[in-house]
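Only one structure is covered here, and it is reproduced in the block below.
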4 protein chains.
Amino acid sequence: MTKEEVLKNYRVGEILEAARRTIGRFGYEGCTVDRVAEEAHIAKGTIYLYFPNKDEMLHSAVVEGLRALTKELRSSDDASAPPIDRLLTLIKEMFRIQRAHEDFVKALILDSRFVSYEPGDRREEELRKVYLEMLDHLSSVLEGAMKDGAVRAIDPHLAAFMLSEMTSAALKRRLLGMNSEPVAAEEQTVLELFLYGVRGIRPAETNGR
Amino acid sequence: MTKEEVLKNYRVGEILEAARRTIGRFGYEGCTVDRVAEEAHIAKGTIYLYFPNKDEMLHSAVVEGLRALTKELRSSDDASAPPIDRLLTLIKEMFRIQRAHEDFVKALILDSRFVSYEPGDRREEELRKVYLEMLDHLSSVLEGAMKDGAVRAIDPHLAAFMLSEMTSAALKRRLLGMNSEPVAAEEQTVLELFLYGVRGIRPAETNGR
Amino acid sequence: MTKEEVLKNYRVGEILEAARRTIGRFGYEGCTVDRVAEEAHIAKGTIYLYFPNKDEMLHSAVVEGLRALTKELRSSDDASAPPIDRLLTLIKEMFRIQRAHEDFVKALILDSRFVSYEPGDRREEELRKVYLEMLDHLSSVLEGAMKDGAVRAIDPHLAAFMLSEMTSAALKRRLLGMNSEPVAAEEQTVLELFLYGVRGIRPAETNGR
Amino acid sequence: MTKEEVLKNYRVGEILEAARRTIGRFGYEGCTVDRVAEEAHIAKGTIYLYFPNKDEMLHSAVVEGLRALTKELRSSDDASAPPIDRLLTLIKEMFRIQRAHEDFVKALILDSRFVSYEPGDRREEELRKVYLEMLDHLSSVLEGAMKDGAVRAIDPHLAAFMLSEMTSAALKRRLLGMNSEPVAAEEQTVLELFLYGVRGIRPAETNGR
DNA sequence: GATGAATGAGCGTTCATTCAT
DNA sequence: AATGAATGAACGCTCATTCAT
């Protein structure tokens with residue numbers, strides 16, 4: 001990597017971070033080029049040296065943010081541990097990471113751009129791809145647990161997607177001011193709901209494992 | 001109701017429907033007054049005869065749409081049936097209604113305005129209220145099933161919220177092009193996931209009941 | 001005059017009165033067709049049965065209002081009285097009439113349409129004509145006083161115009177919140193200023209006559 | 001002052017001049033942002049780089065214009081001259097300045113915004129203040145002449161206001177096409193009217209001084 | 001490369017005018 | 001004749017994008 005490329009990567013990273021902060025603070029709609037530039041302490045025009053337009057910049061910000069979340073999730077995973085333990089750890093990590101990047105995840109939830117309004121959009125495809133990478137990891141862990149018999153036979157991709165949505169939903173519920181319990185208890189309930197459903201008999205032992 | 005009121009209600013309804021269609025097609029951001037007017041086959045100015053401003057119109061479109069969904073869900077409920085049957089029927093109805101109003105629900109999913117960026121907003125409050133009414137219905141059915149022992153002890157409001165989110169998630173997954181199975185099979189899987197979780201044994205009888 | 005014409009005159013009069021009240025309350029800019037219609041307790045469209053457009057209506061309202069003021073001023077004049085007495089009476093009447101129609105005169109002062117921005121405008125001509133009629137009356141009285149020697153040789157039209165402007169200015173000053181004295185005293189000062197200027201000796205008898 | 005400030009001041013000045021010209025040509029109501037921008041040979045958006053909104057811009061244009069007139073008037077005053085001479089010079093200067101800035105003064109006369117329809121408006125207050133500064137200068141000269149006995153005892157503020165209005169009225173009369181004499185003669189007549197009133201005996205010597 | 005002043009298309013909104021009833 | 005719902009041109013203003021410095 002040349003010196004120029006290093007500098008370029010640095011600038012791009014700074015801008016994307018500023019963009020994510022701005023999205024977190026003002027939402028997608030309120031995220032103007034002016035605000036991102038101010039947040040990044042650079043001139044407005046400079047952004048256009050690194051991105052062809054606003055949409056591309058915001059897209060990159062989201063994709064990169066999502067990738068970082070996925071990486072963080074993956075790094076906490078111990079592939080040698082028993083599958084069911086891996087699953088439990090994973091879920092707890094999902095909640096933790098979500099809390100750690102609440103503003104950004106909030107923006108993702110509130111202004112989902114996973115599905116664009118123009119089918120076949122290149123950016124939509126990329127976003128989907130990044131999202132699928134995270135889901136693939138979840139589903140592979142689920143499949144491992146399935147082989148162990150710890151988890152019943154179920155479409156692992158569907159289950160992974162639902163798990164992801166349920167954890168997001170927990171944050172959404174909190175943002176809506178509907179949570180009555182402490183966060184930890186709520187998350188535990190969601191975890192048990194995913195594991196045992198509403199009809200499941202005794203989830204007591206999940207605490208221990 | 002006088003003739004004028006009938007006409008007014010009709011016009012308001014037409015505009016709100018057009019607004020929902022426009023949101024479905026272009027998203028919240030892309031939903032301009034011009035586009036709604038065009039979709040409703042009226043002049044831009046006409047909208048301002050029925051609504052004080054754009055925000056109020058879009059808010060009404062969402063609230064009314066949500067209310068209609070809730071009403072449709074309620075009307076399918078037989079309060080005299082056994083609670084677990086009511087719950088199963090309810091879930092199946094949720095999927096059916098979602099499919100019947102896909103564009104609107106899509107818009108709700110993609111640009112959630114349940115949480116605004118200005119806390120204490122009057123419209124946010126109303127939206128929340130309408131949403132809570134639907135959740136209250138779900139949770140009351142869940143509580144009935146709990147008393148019967150058909151459902152384990154779990155925060156009914158949290159469970160209702162998760163159920164709502166899981167059904168939305170199913171649509172979202174389809175919109176993302178991630179579904180591989182027929183819709184019916186996918187919905188059955190989500191239903192079972194809500195009932196038994198990933199660890200629960202899939203009982204053959206859930207198909208029948 | 002046929003029955004239809006009587007009705008038409010009545011309607012026109014009602015609308016013009018409403019227009020003047022609306023101008024007085026909201027100013028020229030704030031005087032919308034909607035507001036005039038509401039003030040006249042008729043439908044908006046009805047106005048267009050009696051006037052080709054808004055401008056014509058407002059013009060008529062002003063012209064008619066001005067004519068009424070002129071008529072009121074004339075009616076108080078006793079042509080057989082000594083010229084100087086007529087002049088004094090006239091000035092006092094000008095102040096009184098101005099006070100009696102303050103809102104309308106205020107609008108005339110604030111948004112003068114005597115000079116339009118399109119030279120040669122038909123309406124401008126008419127407005128000028130009506131205004132000149134009032135000035136002609138003033139100047140004829142002044143000329144009478146000149147022949148008597150009570151007033152020195154001076155362009156009577158110019159003096160009449162200045163007198164009219166000075167009385168308006170008195171109201172303007174009050175509207176600007178610059179008056180410190182009671183209205184009567186202020187008006188007396190203006191009268192004396194017109195009669196004797198700043199250098200002239202203030203003769204005690206002007207109070208009495 | 002930095003280079004940026006100089007440029008900014010220049011631009012602001014250009015815009016304000018364009019605004020005054022536009023007011024002069026189309027009146028307050030006809031003075032749209034588009035027209036001002038076109039008159040200034042800049043894009044519409046550029047105006048918003050220098051002013052928060054249209055009202056503020058027009059207000060600044062009027063205030064600045066008025067201040068410039070006041071300054072010009074003041075600069076012609078020789079405080080060491082005999083009061084009556086100062087007064088005569090002042091009045092002649094008022095006429096001259098008025099002629100030199102006819103378009104702008106015309107706009108002031110036609111669409112007076114000294115009295116707004118919303119009392120207590122910040123801008124109204126400022127406008128009044130600037131106007132009062134000019135009047136204060138006039139009245140101080142009048143007071144000086146009063147002490148000398150050259151002018152009789154009269155409320156100096158009222159007299160100053162009337163003088164200002166009389167000079168404006170002269171322009172107004174010309175705009176109305178009512179003047180028959182040369183401008184100089186007309187202005188002389190107004191001056192003598194202010195000094196001696198209509199009853200004053202011999203204004204012949206005012207020519208000489 | 002970096003800047004930020006300048007641009008102008010596009011937005012939400014108002015309101016004079018029209019016309020079917 | 002009277003209505004008022006409907007219209008759409010025109011407004012003030014925002015902001016993504018460009019480009020001379």
Side-chain angles (χ1 to χ4, degrees), chain A residues 4 7-8 11 15 29-38 40-58, chain B residues 3-4 7-8 10-11 15 29-38 40-58, chain C residues 4 7-8 11 15 29-38 40-58, chain D residues 3-4 7-8 10-11 15 29-38 40-58:
Chain A
E4 285 77 21
L7 185 65
K8 180 164 179 174
R11 274 266 192 264
I15 292 171
E29 285 189 63
C31 180
T32 67
V33 175
D34 273 280
R35 277 175 172 160
V36 173
E38 196 193 331
H41 303 296
I42 56 170
K44 190 163 39 163
T46 307
I47 287 177
Y48 286 86
L49 294 176
Y50 297 97
F51 299 95
N53 55 51
K54 183 196 174 190
D55 269 15
E56 206 66 45
M57 177 194 64
L58 290 187
Chain B
K3 202 161 56 176
E4 285 77 22
L7 189 66
K8 179 163 181 174
Y10 174 74
R11 274 269 186 266
I15 293 170
E29 284 187 66
C31 181
T32 67
V33 175
D34 272 283
R35 287 214 248 240
V36 173
E38 197 192 329
H41 303 294
I42 56 173
K44 192 162 40 162
T46 306
I47 286 177
Y48 288 87
L49 295 176
Y50 298 96
F51 299 95
N53 54 52
K54 182 197 171 190
D55 270 14
E56 207 64 48
M57 176 193 65
L58 290 188
Chain C
E4 285 77 22
L7 186 64
K8 179 163 179 173
R11 275 266 190 265
I15 292 171
E29 283 189 65
C31 181
T32 66
V33 176
D34 272 278
R35 277 175 172 160
V36 173
E38 196 193 329
H41 303 294
I42 57 170
K44 189 164 38 161
T46 306
I47 287 177
Y48 286 86
L49 294 176
Y50 297 96
F51 299 95
N53 54 51
K54 183 195 172 189
D55 269 16
E56 206 65 46
M57 176 192 66
L58 289 187
Chain D
K3 202 162 58 178
E4 285 78 22
L7 189 67
K8 179 164 181 173
Y10 174 74
R11 274 270 186 264
I15 292 171
E29 284 189 65
C31 181
T32 66
V33 175
D34 273 283
R35 276 177 175 158
V36 173
E38 197 191 329
H41 302 295
I42 55 172
K44 190 166 32 165
T46 305
I47 287 177
Y48 288 88
L49 294 177
Y50 299 96
F51 300 95
N53 54 53
K54 183 196 170 189
D55 271 15
E56 207 65 45
M57 175 193 66
L58 291 188

* Asked: Do the side chains of B:V33 and B:V36 get nearer than 4.5 Å, heavy atoms only?
  -> no
* To do: Could you grab the distance from atom CD1 of A:I15 to atom CD1 of A:I42, nearest 0.5 Å is fine?
  => 4.0 Å
* NE2/C:H41 to OG1/C:T46 distance, rounded to the nearest 0.5 angstrom? -> 13.5 Å
* To do: Would you classify C:R35 as touching base, sugar-phosphate or nothing, given that sugar-phosphate means primed atoms plus P, OP1 and OP2, and contacts are heavy atoms under 4.0 Å?
  => nothing
* Measure from CZ on A:F51 to P on E:dG1 and round the result to the nearest Å. => 14 Å
* Asked: Reckon C:R11 has a side-chain N or O less than 4.0 Å from the OP1 or OP2 of F:dA2?
  -> yes
* To do: Would you kindly give the OH-to-P distance between D:Y10 and E:dA6, to the nearest whole Å?
  => 11 Å
* To do: Specify the residues of residues 41-50 of chain B, ordered by number, for which at least one heavy atom lies under 4.0 angstrom from an atom of DNA chain F.
  => B:I42, B:A43, B:K44, B:G45, B:T46, B:L49, B:Y50
* Smallest separation among heavy atoms of A:K54 and A:Y48, with atom names -> N-OH, 4.3 Å
* Should we say atom CD of A:E56 is surrounded by more than 12 heavy atoms from elsewhere, each under 6.0 Å from it? -> yes
* Asked: Whole-Å distance between F:dT14 C1' and A:E29 CD?
  -> 14 Å
* To do: Starting at CG of D:D55, measure out to CG of D:N53 and round the result to the nearest 0.5 Å.
  => 5.5 Å
* With both distances under 3.5 angstrom, what nucleotide forms a Watson-Crick or G-U wobble pair with E:dG8? -> F:dC15
* For atom CG of A:D34 and atom P of F:dA16, their distance in whole Å -> 7 Å
* To do: Just compare F:dC11, E:dT13, F:dA16 and give me whichever is closest to any side-chain atom of B:V33.
  => E:dT13
* Atom-pair distance (CG on C:N53; C1' on E:dT17), nearest Å -> 9 Å
* Would you kindly give the CD-to-C1' distance between A:E56 and F:dT17, to the nearest whole Å? => 15 Å
* Nearest-0.5 Å distance, CZ of residue A:R11 to CD1 of residue A:I47 -> 11.0 Å
* To do: To the nearest Å, give me how far apart NZ (A:K54) and P (F:dT14) are.
  => 15 Å
* To do: Determine which nucleotide pairs with E:dA20, using a 3.5 Å limit on both distances of a Watson-Crick or G-U wobble pair.
  => F:dT3
* To do: Figure out the CG/P separation between A:L7 and E:dA2, and round it to whole Å.
  => 6 Å
